[in-house]
Protein chains: 2
Amino acid sequence: MDETRWLNSDEDRAWRGYRRLSLLLGRQLARDLAADSQLSEADYDVLSNLGETPGGRIRLTDLAAHMRWSPSRLSHQVARMRQRGLVTRETSPDDGRGSVIVLSDEGRRTIEAAAPRHVESVRRHFIDLLTPAQVQALAALSDTVVEHLVKAESE
Amino acid sequence: MDETRWLNSDEDRAWRGYRRLSLLLGRQLARDLAADSQLSEADYDVLSNLGETPGGRIRLTDLAAHMRWSPSRLSHQVARMRQRGLVTRETSPDDGRGSVIVLSDEGRRTIEAAAPRHVESVRRHFIDLLTPAQVQALAALSDTVVEHLVKAESE
DNA sequence: ACACTCTAGTTGACATGTCACATACTTGGC
DNA sequence: GCCAAGTATGTGACATGTCAACTAGAGTGT
């Protein structure tokens, strides 16, 4: 067993900082979203992705892949959102197994009303606190790590 | 209602990047931790914080405040960890309401065995992918945002 | 047409988090 | 010493995620 390479001072500060940022930011955004729009972050993400899709419709597996969610997670989520009338489910015409998720009118109204407030919340608690250089640094660093993690998951 | 200040290109890339990083990194670390040490991230955090405490003992409320968890969350978590023998609960001698959480011998062995592997995992999937400058940028940016969020929560 | 294998989704059981509420113990002021 | 408030936890109900198992339809080769 090799010697453990513990985190040095900077690394530790970055790691703990990231963890805390992640914990607090998630909580704050979730609270704002729930208070402003009665949506969870998961709801928002699904609606938002569905909204960017042509016709507001997409195969469940495709949406799951796009969002990097497991099909199971998305299936559960969609089931809940279906009950609330935010989305609809149709059988795929070209594949009997397939499930096409469709953004309902209410779903579209909901996401269009929620988006401005959510962006405002993201700005207030995160983006607007950073300098342009920090924003770019975050984007670059995220791209690097995400690329690695995507590969790691496909193994 | 003012015009919505949508995210510009850099901001959007940073925000989406962060979200994806957060999703994938959490999942990867959780999988490694579960496979290597049969612990959840929550378990690890509690054990780790408890381990850094003198005598491996601390009041529930104090630990919750230190970790920025809600007392309720920590109470549930401790209940589960208690059943697995990782921690013990004692009544506070100076406050009848108080609950002192104590790291058990098994808990200490567990965290000491898990720590090296977890650090290795954090390095492999995150820290080692970044340049020293990026590590520092992340630390600085996190400090700024965390400071803001801590204030926001206390309102 | 069949048999075999793969793929798309769904589901159920179980681990976690959150929120609201119930409880018991402390404290400060009479 | 007693009572109104405030504080420290514990709990229950409910929303989400994960993993594994199950069902059903699609594809391939013979």
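Chain A is the first sequence line, chain B the second, and so forth, proteins listed ahead of strands; every chain is numbered from 1.
The side chain of His76(A) approaches dT18(D) more closely than any other nucleotide in the set dT10(C), dT18(D), dA8(D). The side chain of Arg31(A) lies closest to dC19(C), out of dT9(D), dG17(C), dC19(C). Side-chain proximity of Ser72(B) to dG10(D), dT7(D), dC19(C): nearest is dC19(C). Among the nucleotides dT16(C), dG17(D), dT11(C), the one closest to any side-chain atom of Ser75(A) is dT11(C).
The shortest distance between the side-chain N/O atoms of Ser99(B) and the OP1/OP2 oxygens of dG10(D) is below 4.0 Å.
Under a 4.0 Å N-O distance rule, the pair Asp128(A)/Arg123(A) qualifies as a salt bridge. The existence of a salt bridge linking Glu153(B) and Arg31(A) is confirmed by a sub-4.0 Å separation between a basic side-chain nitrogen and an acidic carboxylate oxygen.
The residue Ala30(A) sits apart from the nucleic acid: no heavy atom pair falls under 4.0 Å. Contacts of Arg89(B) with the nucleic acid, taken as non-hydrogen atoms under 4.0 Å apart, involve only primed sugar atoms and P, OP1 or OP2.
For the pair Leu23(A) and Arg73(A), both in contact range of DNA chain C, the more 5′-proximal nearest nucleotide belongs to Arg73(A).
No side-chain donor-acceptor contact under 3.5 Å links Gln77(B) and Asp45(B).
Taking only distance into account, the side chain of Arg97(B) never meets the base of dT9(D) through a donor-acceptor pair shorter than 3.5 Å.
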